[in-house]
Amino acid sequence: MAADWNTVREIASELPGAEEHTSYGQPAFRVAGKLFVWMSPSREAEGALALRIDPDEKPLLIAASPKVYFETPHYHGHPIVLVHLDAISRSELADRIEDAWALRAPQGS
């Protein structure tokens with residue numbers, strides 16, 4: 001079953017302090033006022049999920065799973081990776097969302 005925003009919502013809403021908002025007209029989640037996962041507003045990445053990532057991990061993910069992870073010029077050089085929701089398992093998506101939350105959540109959350 002392909003993931004969609006409802007899948008993202010189910011996962012992200014369980015994380016402490018996570019709040020659903022919008023960013024550039026697209027659904028998004030923040031923690032402590034900081035975005036950690038959102039639907040990309042970029043035309044080049046329509047339908048893709050954007051999420052925060054450790055900058056050192058980004059090229060490794062893209063190289064290891066290019067059908068799941070990618071970037072567009074808009075996101076080049078930023079600690080953000082794009083995800084094809086129709087190509088990722090729920091468990092892997094949950095791991096990525098939790099990692100993105102941890103990068104943005106206040107220490108001790």
V37 with I62, same ILVMFWY side-chain cluster at under 4.5 Å: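 Yes.
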Same cluster (ILVMFWY, side-chain, under 4.5 Å), M39 and L15: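 Linked within one cluster.
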Side chain to side chain donor-acceptor pair (under 3.5 Å) contacts touching residues 47-69 (sequence neighbours left out):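 Those involving residues 47-69 are E57-R96, K58-E71, Y69-E92, Y69-R96.
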Pairs meeting criterion side chain to side chain donor-acceptor pair (under 3.5 Å) with involvement of residues 26-43, two or more places apart: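 Of all non-adjacent pairs touching residues 26-43, those that pass side chain to side chain donor-acceptor pair (under 3.5 Å) are S40-Y75.
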Sequence neighbours excluded - ring-ring contact (aromatic ring centres under 6.0 Å, His included) pairs with any residue from residues 41-64: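 Sorted pair list comes back empty.
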Pairs meeting criterion ring-ring contact (aromatic ring centres under 6.0 Å, His included) with involvement of residues 5-35, two or more places apart: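 Applying ring-ring contact (aromatic ring centres under 6.0 Å, His included) to every pair that reaches into residues 5-35, excluding sequence neighbours, yields W5-F29.
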In Å, rounded to the nearest 0.5 Å, how long is the span from [atom1] of [X] to [atom2] of [Y]?
X	Y	atom1	atom2	value
L82	L51	CG	CG	8.5 Å
L85	D4	CG	CG	7.5 Å
I11	L93	CD1	CG	4.0 Å

Where do [X] and [Y] come nearest, in terms of heavy atoms and distance?
X	Y	result
A18	V31	N-CG2, 4.4 Å
F70	V81	O-CG2, 3.8 Å
L35	S23	CD1-OG, 3.6 Å

Residues that D86 engages under side-chain hydrogen bond (donor to acceptor under 3.5 Å, both in side chains), provided they are two or more places apart: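 Result, side-chain hydrogen bond (donor to acceptor under 3.5 Å, both in side chains) vs D86: none returned.
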Non-neighbouring partners of S13 that pass side-chain hydrogen bond (donor to acceptor under 3.5 Å, both in side chains), sequence neighbours left out: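 Counting only residues at least two positions away or on another chain, S13 forms no side-chain hydrogen bond (donor to acceptor under 3.5 Å, both in side chains).
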Sole residue of D99, L61, I80 in side-chain contact (heavy atoms from CB on, under 4.5 Å) with I53: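 One option only clears the test, and that one is L61.
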Set of residues satisfying side chain to side chain contact (heavy atoms under 4.5 Å, CB included) with respect to A87, sequence neighbours excluded: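 For A87 the side chain to side chain contact (heavy atoms under 4.5 Å, CB included) partners, ignoring immediate neighbours, are V68, H84.
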Whichever hydrophobic residues join L60 through chains of side-chain contacts under 4.5 Å: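 Reading the cluster by chain and number, L60 sits alone, since nothing else belongs.
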Pairs where residues 12-22 contributes a residue and the test salt bridge (charged side-chain N to carboxylate O under 4.0 Å, His left out) is met, not counting sequence neighbours: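 Sorted result for residues 12-22: R9-E20.
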